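The structure appears right after this line, and notes come after that.
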Amino acid sequence: MRTRGLLALLTAALTLLAAGCGGNDGDGAGDEAAVGPLGAVEIAEGEPIKIATLQSISGATASLGQDQVRGIEIAIEEKGDIMGHPVDLQTEDEGCNAEGGTTAAQRVVADPQLVGIIGTSCSGAAVPASESMSEAGLVMISG
């Protein structure tokens with residue numbers, strides 16, 4: 001049952017990311033949302049939608065993050081392309097600690113084509129990571 005719940009959460013996260021990647025029809029309606037204060041990511045035809053996950057994938061808490069990463073991979077495989085774009089997943093080890101969360105967040109926010117983040121495994125990593133992500137205008141969805 002836990003796997004189904006995780007899969008549902010991840011599918012919802014991917015759906016939200018897909019909605020955020022939609023364009024407008026050029027009639028001016030919705031232009032403000034596409035160029036809002038946090039900006040927008042334009043993805044060229046055939047280019048991937050990039051998402052990241054910050055999870056504890058090593059050490060004593062590795063089982064937490066490894067299960068999360070596998071669930072995300074399954075959701076991506078089942079969903080397939082979004083609006084003609086493949087989905088690329090960047091996985092970063094947050095080590096279930098503040099230093100790891102900060103380092104992992106800095107790695108993912110460095111990519112201006114990244115559209116969203118799934119994670120973290122631990123709140124100790126989430127708090128400092130969320131500061132960097134928020135400053136970069138990114139959203140993190142956590143299971």
Side-chain angles (χ1 to χ4, degrees), residues 2-3 5-26 28-143:
R2 180 178 170 197
T3 302
L6 178 60
L7 200 51
L9 173 69
L10 296 173
T11 300
L14 288 173
T15 302
L16 289 171
L17 291 173
C21 294
N24 64 48
D25 60 7
D31 287 349
E32 295 80 16
V35 195
L38 296 178
V41 175
E42 292 189 28
I43 302 170
E45 188 174 329
E47 291 295 313
I49 294 172
K50 295 181 179 182
I51 61 172
T53 184
L54 279 61
Q55 302 292 334
S56 180
I57 56 175
S58 64
T61 56
S63 64
L64 295 173
Q66 291 168 350
D67 286 347
Q68 295 272 1
V69 171
R70 185 62 190 133
I72 296 165
E73 291 169 344
I74 291 169
I76 290 170
E77 289 168 16
E78 286 190 9
K79 177 66 178 161
D81 288 359
I82 298 174
M83 299 173 62
H85 297 275
V87 178
D88 277 357
L89 178 65
Q90 176 182 344
T91 302
E92 295 292 339
D93 190 355
E94 43 92 323
C96 203
N97 61 57
E99 182 181 337
T102 299
T103 302
Q106 289 171 344
R107 286 186 188 132
V108 298
V109 302
D111 185 350
Q113 289 300 113
L114 190 80
V115 298
I117 301 163
I118 302 171
T120 63
S121 302
C122 304
S123 60
V127 172
S130 66
E131 293 171 8
S132 296
M133 292 180 243
S134 221
E135 289 173 9
L138 293 168
V139 174
M140 177 174 67
I141 300 171
S142 183

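Both backbone and side-chain heavy atoms feed into the values below; hydrogens, waters and symmetry mates do not. What you see is a predicted model; the values in this text were computed from it and never measured.
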Could you tell me the separation between the CD1 atom of Ile76 and the CD1 atom of Ile51, rounded to the nearest 0.5 Å? 4.0 Å
With sequence neighbours excluded, what pairs up with Ala104 under the side chain to side chain contact (heavy atoms under 4.5 Å, CB included) test? Leu54, Glu92, Glu94
Atom pair CD1 (Ile57) and CG (Asp67), whose distance is rounded to the nearest 0.5 Å: 12.5 Å
With rounding to the nearest 0.5 angstrom, report the CD to OG1 distance, Gln68 to Thr53. 7.0 Å
Nearest atoms (heavy-atom pairs only) where Pro112 meets Ala110: CD-O, 3.2 Å
Quick check: does any side chain N or O of Thr103 sit under 3.5 Å from a backbone N or O of Gly100, one acting as donor and the other as acceptor? no
Are Val139 and Met133 packed together at the side-chain level, in the sense that at least one heavy-atom pair is separated by less than 4.5 angstrom? no
Neighbour count above 12 (heavy atom, 6.0 Å) for Glu99 CD: no
Checking the side chain of Asp88 only, and the main-chain atoms of Lys50 only, is there a donor and an acceptor separated by less than 3.5 Å? no
With sequence neighbours left out, write down each residue that passes salt bridge (charged side-chain N to carboxylate O under 4.0 Å, His left out) with Glu135, or none if nothing qualifies. none
Is any side-chain heavy atom of Ser121 closer than 4.5 Å to one of Cys96? no
Under a 3.5 Å distance rule, please check whether Ser142 uses its side chain to pair with a backbone N or O of Thr120 as donor and acceptor. yes
Taking all non-hydrogen atoms of both residues into account, name the closest pair between Gln55 and Gly119 and its distance. NE2-CA, 3.3 Å
Reported CD-to-CD1 distance for the pair Gln90 and Ile117, which is rounded to 0.5 angstrom: 9.0 Å
